[in-house]
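Sequence lines set the chain letters: A, B, ... in the order given, protein chains first and strands last, and positions in each chain run from 1.
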Amino acid sequence: MSEEKSLNFIEEIIEEDLKSGKYKSILTRFPPEPNGYLHIGHSKSICLNFGLAIKYGGKTNLRFDDTNPVTEETEYVESIKDDIRWLGFEWANEFYASDYFEQLYGFAVRLIEKGLAYVDDSSSEDIAKQKGSPTVPGVRNQFAERSIEENLQLFADMRAGKYKDGEKVLRAKIDMSSPNMHLRDPLLYRIKHAHHHRTGDAWCIYPMYDFAHGQSDSIEKITHSICTLEFIPHRPLYDWCIEKLEIFPSKQYEFARLNLNYTVMSKRKLLQLVNENHVTGWDDPRMPTISGLRRRGYTPESIRDFAERVGVARRENLIEFSLLEFCVREHLNKISLRRMVVFNPIKVVITNYPDGQTEQLASENNPEDVNGGVRNLPFSKEILIEADDFMENPPRKFFRLAPGGKVRLKSAYIIQCDEVVKNDDGRIKELRCSYIPESKSGTDTSGLKVQGTLHWVNAADAVEVEVREYDRLFRVENPASEEGDFKDYINPDSLTVVTGYAEPSIKEAKPQDRFQFLRKGYYCLDKDSSANKLIFNRTVTLKDGWSKAK
RNA sequence: UGCCCGAUAGUAUAAUGGUAGUACGACAGAUUUUGGUUCUGUUUGUCUUGGUUCGAAUCCAGGUCGGGCAACCA
C-alpha cells in the first residue's frame, strides 16, 4: 500500500491526459519494420507500449511499418509476431502501413492541392546539395514553382509507372532555410519498382517514413505515439503533416532506447553477424535477439522484469548485462529443476561401500518449491565428482575435499578422503574414500558437521551430454563506439562446448524444462538435441562467491 | 561552430522549491546438505560558475561535457 511507485515521464503525461479528459482511454502502437528480428532493445519498447495500455485500460496495435519493399520480408513479420506473443502480449489489431497506401496517396494529393507539395525531377545528389547543411541554408529549385495542376498530373504519372526509379520524387513545400534539416522540403514519396511483401506489384511509389508513420498513427487514432530519441527532430514534421491534413492529432513522445553493454543493438549489425557467420543465426543463444535469448533459456517474465527495472527516461544509457542476469537468475531460481551434472570428473571409490550394491536416494527437485517433489539418485561404490572439488594442498577456507578431509555428497553421505591414487604421469587417477553410513541425508545421526557439500553422479549411470557454455559476444563494453569495425571486438571465446556427466533423470528432459545444474548454473535443452544426444545451453552461471575470493 | 536533446553513487532510476531515496553491482557478516537462495550491514552521487529564494538536484543565465540532425532508410 505504502509503496507508491513513482511514474515515468510518459505515465505522467498519460495520467494528465486522462485526468483532464483529453482522452477517455489510450491507444498505443508497436511499429516494427519487418526487416530483421526483434532484440532486447525492442522488448523495452514492447513492454512500454503494451504495458502502458494494460496499466491504463487501453489497447495496443501492432503495426508493421512496411514502406520500404526492398528490405522487408514476410519471414520477419512472422518472427516478430512470435516474439511479441512469447513475451506475453496481445495486440488489439494487426495493421500494416501498407494497408494505408491508398489513403496516404490521397493525403499526398490533398497536400498538392493546397500548394504544399511538389514533384521534383532533381537527382538525389542535387537534392542533397540544395538542402545545404546545418549551418548553411538550403535553396529551392525551379521545380518548386510548378503549378498545382502540373504537380497533380506528374504525381499521377509517378503512380502510373511512367518514370524510372529515382527520376522524380514528391516533396513537401515547407522551409528550405529551416534550422531543422527535416523541414527543408522533405521527400514524401519515391519511385521504387519493387515487389512488396504484401501489396505485390500494385504500387511503384512508396511513402517515406515521415509521410507514413504519423498519418498511420492518426488513421488508427493512436493517442500516444512513443518512439526513440532520434525521432525528436522529426516531431515538427509529424505535427506539420497532421495539421495541414487536418486529421486526428496523434502525439509523439520520445524516450531513450535501451543499450546493453558487451553487445550491439542495431539490426544492421546483427544482420552482419548472421550473414557473415559469426553466429549460427538470428536465434543463436549469444545474440541479444528475443529469439536468441529465448533459445538461451531466458524467460519472458525475466525480460519483462528487466524492462521494468531499467526504467524509462530521456537520457542515453548503457545498461549493465549483470542486471539482465540478475533478473533471469531470480526467476529461474524459483522455477528450475535441480539436477547434478559433473563437467570435469574424477572417480571416487568408496572403499567401505558394499560391492555390487546400488541404493536410490531421494533429492528435492527444487528447494524453493515445497510442491516440487523429489527424484531418485542411484548411489553405489563408484561415483564421479568435479575435479575442481578436490585439492591435494588446499588453501585456507577451501570447503571441499582434501586428503584426510570430510565433505557431504548432496542428498547422500559424508565421505572422507583416505588416499589419492595417481597415474604414472602424476595425474590423479582416483580418490579412495570411506563413507559414514549413519550420515545419510535425512536420517543423519553421525553428529558430524562438514563445511562443504558437493554434487556428484553415480559412475555407472552417468549420462553423457553436450553442454554449450556461452560468454559475452564482445570483449568490450560498447563495441559500436570503438575505433574501426565493431566485429574486431568479437569475443573469440563466446562459445565453449564441453561434455557433462549427468544424473540419469536428465534423460527425461523436455524442451520446455529449465534446470539448475547444482553449483553450476541454469541450463535448458537446445533444439539441436536428439534422442541419443542431449544438448544443453547454459543460460547463466550461478553467482559464484568462491572463485571471486580466490 | 547552426539547431535540437540530455547531465543525480560504478550502472540505471526517483525526489515535481523543503531530510538526496531505490534497484543492480561491489564489499563485509549471519543462515544454509548448492561457496546458490534468504537475511543484515557498509561503501560511493546532484557536471561547473553565477543568480533568484528563508530554502535549489529542481527555477533563471553563462560555461563544460555527451548524444542527435544534412538516407529516394525506419
Side-chain angles (χ1 to χ4, degrees), chain A residues 3 5-8 12 31-33 35 65-68 70-72 97 120 122-124 127-129 131-138 165-171 178-182 184 187-192 205-206 208-210 212-213 227-236 254 256 261 267-268 309-327 329-330 333-334 338 340 363-364 367-368 397-400 407-412 414 439 441-442 444 450-455 516-522 541-549:
Chain A
E3 52 176 291
K5 274 204 70 183
S6 56
L7 304 175
N8 65 49
E12 283 180 3
E33 184 188 11
N35 68 345
D65 230 334
D66 55 350
T67 57
N68 184 0
V70 180
T71 56
E72 294 154 3
D120 192 333
S122 307
S123 66
S124 67
I127 289 176
K129 223 177 294 165
K131 268 198 183 166
S133 76
T135 51
V136 180
D165 288 11
E167 243 180 275
K168 285 180 167 49
V169 291
L170 183 73
R171 288 229 252 172
S178 169
N180 181 343
M181 299 296 293
H182 295 275
R184 320 252 265 225
L187 272 61
L188 269 21
Y189 267 90
R190 75 291 212 190
I191 299 170
K192 275 179 193 282
I205 58 172
Y206 293 93
M208 299 287 290
Y209 167 85
D210 285 311
H213 199 98
C227 63
T228 47
L229 257 26
E230 69 268 27
F231 291 100
I232 291 175
H234 294 249
R235 188 176 353 116
E254 312 86 9
N261 63 7
K267 280 196 269 187
R268 206 192 93 250
R309 286 171 185 270
V310 296
V312 178
R314 275 167 74 86
R315 80 176 105 151
E316 301 283 345
N317 58 75
L318 184 61
I319 309 286
E320 293 178 344
F321 206 88
S322 61
L323 181 61
L324 220 206
E325 293 188 326
F326 166 81
C327 294
R329 281 192 190 108
E330 185 173 62
N333 177 50
K334 293 196 185 92
R338 311 296 137 124
M340 294 201 280
S363 188
E364 70 273 23
E368 306 291 319
K397 304 250 251 175
F398 184 76
F399 299 159
R400 309 177 187 180
V407 79
R408 152 119 17 225
L409 296 175
K410 172 69 181 171
S411 297
I414 292 173
S439 68
S441 280
D444 185 352
V450 293
Q451 291 201 96
T453 301
L454 307 185
H455 62 283
Q516 183 196 105
F517 292 174
L518 237 61
R519 303 208 297 137
K520 289 291 179 186
Y522 295 98
T541 60
L542 247 31
K543 256 171 79 174
D544 182 1
W546 169 243
S547 70
K548 267 184 291 194

*Shortest non-hydrogen separation from A/R171 to A/K131 and the atoms involved*: NH1-CE, 4.2 Å
*Inter-nucleotide C1' distance (B/rU19, B/rU46), Å rounded*: 15 Å
*How would you label the contact of A/P32 with the nucleic acid (heavy atoms, under 4.0 Å): base, sugar-phosphate, or nothing?*
nothing
*Residues that A/H213 engages under ring-ring contact (aromatic ring centres under 6.0 Å, His included), provided they are two or more places apart*: A/Y209
*Between A/E368 and A/R338, is there a salt bridge with N-O shorter than 4.0 Å?*
no
_Looking at A/E254 and A/R314, is there a salt bridge between them, counting it only when a charged N and a carboxylate O are closer than 4.0 Å?_
yes
*From the list B/rU34, B/rU37, B/rC72, which nucleotide is the closest neighbour of the side chain of A/T453?*
B/rU34
_Can you check the distance between B/rG21 and B/rA9, where both ends of the measurement are the C1' atom (answer in whole Å)?_
12 Å
*asked:* Looking at every heavy atom in both A/R519 and A/T453, which two are closest together, and how far apart are they?
replied: NE-O, 3.5 Å
_Length of the line joining A/N317:CG and B/rG25:P, which is rounded to integer Å_ = 18 Å
_A/E33 side chain, from C-beta outward: closest of B/rG36, B/rU34, B/rA74_ = B/rA74
*asked:* Using a heavy-atom cut-off of 4.0 Å across all strands, would you classify A/K334 as base, sugar-phosphate, or nothing?
replied: nothing
*Please tell me which of A/L409 and A/N8 maps to the more 5' nucleotide of RNA chain B, matching each residue to the nucleotide holding its nearest heavy atom.*
A/N8
*Side chain of A/R400, backbone of A/G452: donor and acceptor closer than 3.5 Å?*
no
*A/S122 and A/D120: side-chain hydrogen bond (donor to acceptor under 3.5 Å, both in side chains), yes or no, with the steps?*
CA-CA 6 Å; A/S122 307; A/D120 192 333; 2.6 Å; yes
*When all nucleic acid strands are considered with a 4.0 Å heavy-atom cut-off, which category describes A/R184: base, sugar-phosphate, or nothing?*
nothing
*From B/rA12, B/rG35, B/rG36, nucleotide with atom closest to A/F399 side chain*: B/rG35
*C1' spacing across the pair B/rG10 / B/rU32, given as an integer number of angstrom*: 30 Å
_C1' atoms of B/rU37 and B/rU31, separation to the nearest Å_ = 11 Å
*For B/rG6, does OP1 or OP2 lie under 4.0 Å from any side-chain N or O of A/R314?*
yes
*Side chain of A/K410 - closest among B/rC73, B/rU33, B/rG36*: B/rU33
_If I take atom CG in residue A/N261 and atom C1' in nucleotide B/rG25, what distance separates them, rounded to the nearest angstrom?_
11 Å
Can you check nucleotides 22-24 of chain B for protein contacts, nitrogen or oxygen pairs under 3.5 Å, and list what you find?
from: B/rA23; atom 1: O2'; to: A/R309; atom 2: NH1; distance (Å): 2.8

*Stacking check: are the rings of A/Y209 and B/rA74 less than 5.5 Å apart at their centres and under 30 degrees in tilt?*
no
_Set of residues satisfying side chain to side chain donor-acceptor pair (under 3.5 Å) with respect to A/D444, sequence neighbours excluded_ = A/R408, A/S446
*Touch class at under 4.0 angstrom, heavy-atom based, for A/Y522 against every strand present*: nothing
*Sequence neighbours excluded, which residues qualify as ring-ring contact (aromatic ring centres under 6.0 Å, His included) partners of A/Y189?*
A/F155, A/F211
*Tell whether A/R315 reaches the base of B/rU8 with its side chain through a donor-acceptor pair below 3.5 angstrom.*
yes
_Within the 4.0 Å heavy-atom criterion, would you say A/Q451 contacts the bases, only the backbone, or no part of the nucleic acid?_
nothing
*Please measure how far the P atom in B/rU40 lies from the corresponding atom in B/rU22, and state the result in whole Å.*
12 Å
_So A/V310, base contact, sugar-phosphate only, or nothing? Heavy-atom distance under 4.0 Å._
sugar-phosphate
*Taking A/S441 for the side chain and A/A412 for the main chain, is one N or O donor matched with an acceptor at less than 3.5 Å?*
yes
*Inter-nucleotide C1' distance (B/rU1, B/rA70), Å rounded*: 15 Å
_At 4.0 Å (heavy atoms only), tell me whether A/L318 reaches a base, stays on the sugar-phosphate, or touches nothing._
sugar-phosphate
*Would you classify A/T541 as touching base, sugar-phosphate or nothing, given that sugar-phosphate means primed atoms plus P, OP1 and OP2, and contacts are heavy atoms under 4.0 Å?*
nothing
*Figure out the CG/C1' separation between A/N35 and B/rC73, and round it to whole Å.*
9 Å
_From B/rG2, B/rA74, B/rG35, nucleotide with atom closest to A/N68 side chain_ = B/rA74
*Roughly how far apart, to the nearest Å, are B/rA12 and B/rG62 at atom P?*
28 Å
*Would you write the dot-bracket representation of RNA chain B, where each base gets (, ), [, ], | or . depending on whether it forms a Watson-Crick or G-U pair under 3.5 Å and with which partner?*
.((((((..((((....[..)))).(((((.......)))))....(((((..]....))))))))))).....
_Between C1' on B/rC73 and CG on A/L188, what's the gap in Å once rounded to a whole number?_
15 Å
*Measure from the side-chain heavy atoms of A/T67 and tell me the nearest of B/rA12, B/rG36, B/rA74.*
B/rA74
*Tell me what A/V312 touches on the nucleic acid: a base, only sugar-phosphate, or nothing, going by heavy atoms under 4.0 Å.*
sugar-phosphate
*When you check the phosphate oxygens OP1 and OP2 of B/rU33, does a side-chain N or O of A/R400 lie under 4.0 Å from one of them?*
no
*For B/rC3, does OP1 or OP2 lie under 4.0 Å from any side-chain N or O of A/S178?*
no
_On the side chain of A/R408, is there an atom forming a donor-acceptor pair with the base of B/rU33 - under 3.5 Å, no angle test?_
yes
*Spacing of the P atoms in B/rA56 and B/rG17 (rounded, Å)*: 14 Å
*A/K267 side chain to A/E33 main-chain N or O, any donor-acceptor pair under 3.5 Å?*
yes
Restricting to nitrogen or oxygen on both sides, can you table the protein-nucleotides 68-71 of chain B pairs closer than 3.5 Å?
from: B/rC69; atom 1: O2'; to: A/H182; atom 2: NE2; distance (Å): 3.3

_Separation of B/rG35 P from A/K397 NZ (nearest whole Å)_ = 14 Å
